[in-house]
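Report on the structure given below.
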Amino acid sequence: SSICLPFTSRNFLNICFNNKESIEEVNKYLINIFKKYDIKFNLKIYEKNFDFIFINRAVEIKKKYELLTYAINYSKLNPDIRMCFIILEQDKNNSYYKSIINFWNNNKINNILFIDTHILNIENNYYKGFTSENLSYFYKSSKIYVHGSENEGESRTIHEALCCGCKVLAKENMKGGGLD
């Protein structure tokens, strides 16, 4: 439908999904995003800030709760690893979403940047979170995008991550176009 078209791979022709800027330029833009939305996390300027990044909606098919559990456990064993965990496009009344927020609130770790875009002062009803351009800078300052879904269409987040220079960690048993 016309509502879905902006989310298809045609959108990845957008210049924001590229890997052309220097890491210094990328991180300066991220610093501005952090200032704008009052996000607290120590950013580095001359290197990628995140070893792993997780960006999805908080719905069961995306395995967001499971990914957060793994991320926290892995971080406890590897305190030098830095991760970014972003929740987009979620109905605040969804019980799965609430379980993720509750789990995070009870298990916060300093080397994980956890961003729930619903609590930020963002006027973006179209994406219900960061803009594509904002997200592209998070990807560009990350090394590996982790994808937990086992069922995908064409998977926007995989395309976005690849176009921004991330390696992708995905499930071998994924059905749909994600592995392609």
Side-chain angles (χ1 to χ4, degrees), residues 1-39 41 43-45 48-59 61-64 67-68 71 82-92 94 97 100 112-149 151-170 174 176-180:
S1 74
S2 62
I3 293 171
C4 296
L5 277 178
F7 297 118
T8 67
S9 58
R10 292 170 192 83
N11 192 43
F12 304 124
L13 298 175
N14 185 323
I15 197 164
C16 75
F17 292 109
N18 64 47
N19 199 21
K20 305 260 187 249
E21 295 109 332
S22 72
I23 194 63
E24 183 180 359
E25 291 173 307
V26 167
N27 290 331
K28 283 181 180 179
Y29 193 88
L30 268 182
I31 288 169
N32 289 333
I33 292 172
F34 282 35
K35 284 179 185 173
K36 182 176 181 179
Y37 298 114
D38 196 30
I39 298 170
F41 195 78
L43 289 177
K44 301 171 185 176
I45 293 292
K48 291 192 176 208
N49 277 285
F50 307 108
D51 296 292
F52 298 97
I53 188 165
F54 309 78
I55 299 177
N56 285 113
R57 293 176 291 126
V59 293
I61 194 168
K62 301 292 185 183
K63 307 289 187 194
K64 199 73 170 176
L67 288 174
L68 181 58
R82 293 166 51 103
M83 300 186 192
C84 181
F85 206 90
I86 300 175
I87 295 177
L88 296 172
E89 302 180 54
Q90 187 52 50
D91 172 10
K92 291 182 192 178
N94 178 307
Y97 164 78
I100 292 168
I112 296 179
L113 170 61
F114 184 92
I115 301 174
D116 177 3
T117 60
H118 302 92
I119 63 172
L120 300 177
N121 187 18
I122 295 177
E123 293 182 27
N124 181 357
N125 293 328
Y126 190 68
Y127 287 101
K128 299 178 185 169
F130 290 125
T131 65
S132 291
E133 184 178 8
N134 292 152
L135 287 174
S136 74
Y137 288 99
F138 283 95
Y139 285 120
K140 291 173 192 177
S141 194
S142 302
K143 296 175 185 173
I144 299 170
Y145 166 70
V146 181
H147 192 79
S149 180
N151 244 332
E152 278 299 335
E154 65 181 333
S155 183
R156 287 188 324 270
T157 53
I158 290 175
H159 286 109
E160 290 169 353
L162 288 171
C163 289
C164 291
C166 290
K167 294 179 180 177
V168 174
L169 178 61
M174 186 189 330
L179 291 180
D180 296 337

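Start at 1 with the first residue, then count along the sequence. Atoms considered below: every heavy atom in the structure, side chains included; atoms not considered: hydrogens, waters and symmetry mates.
- Atom CZ of residue F50 and atom NZ of residue K140 lie 14.5 Å apart, to the nearest 0.5 angstrom.
- Residues L43 and N27 are not in side-chain contact: their nearest non-hydrogen atoms beyond the backbone lie 4.5 Å or more apart.
- Side-chain contact between H118 and Y97: present, with at least one pair of heavy atoms (C-beta onward) separated by less than 4.5 Å.
- A donor-acceptor pair under 3.5 Å links the side-chain atoms of K48 to the main chain of S142, judged by distance alone.
- Inspection of the E21 and Y137 side chains reveals an N or O donor paired with an N or O acceptor under 3.5 Å.
- In this structure, the separation between CG on L113 and CG on N49 is 9.5 Å, given to the nearest 0.5 Å.
- In this structure, G165 and N19 approach most closely via the heavy-atom pair CA-ND2, 3.6 Å.
- Closest approach of K64 to N56, counting heavy atoms only: NZ-N, 3.1 Å.
- Side-chain contact between I45 and I31: present, with at least one pair of heavy atoms (C-beta onward) separated by less than 4.5 Å.
- Residues Y37 and I115 are not in side-chain contact: their nearest non-hydrogen atoms beyond the backbone lie 4.5 Å or more apart.
- Rounding to the nearest 0.5 Å places CG of L169 at 10.5 Å from OH of Y145.
- A pairwise comparison of heavy atoms in A161 and V168 identifies CB-CG2, 4.3 Å as the closest pair.
- Contact check on K143 versus D51 returns a salt bridge, with a Lys/Arg side-chain nitrogen under 4.0 Å from an Asp/Glu carboxylate oxygen.
- In this structure, CG on N94 lies 8.0 Å from CD1 on I100, to the nearest 0.5 angstrom.
- I53 contributes atom CD1, which lies 12.0 Å from atom CD1 of I144 (distance to the nearest 0.5 angstrom).
- Taking CD1 from I33 and CG from N134, the interatomic distance works out to 4.0 Å, rounded to the nearest 0.5 Å.
- Taking all atoms of both residues into account, the shortest heavy-atom contact from I87 to T117 is O-OG1, 2.8 Å.
- When atom types are taken as modelled, the side chain of S136 and the backbone of F17 share no donor-acceptor pair closer than 3.5 angstrom.
- With respect to I86, the side-chain contact (heavy atoms from CB on, under 4.5 Å) criterion is satisfied by exactly one of F54, F114, F130: F130.
- The shortest heavy-atom contact between C16 and C164 is O-SG, 4.4 Å.
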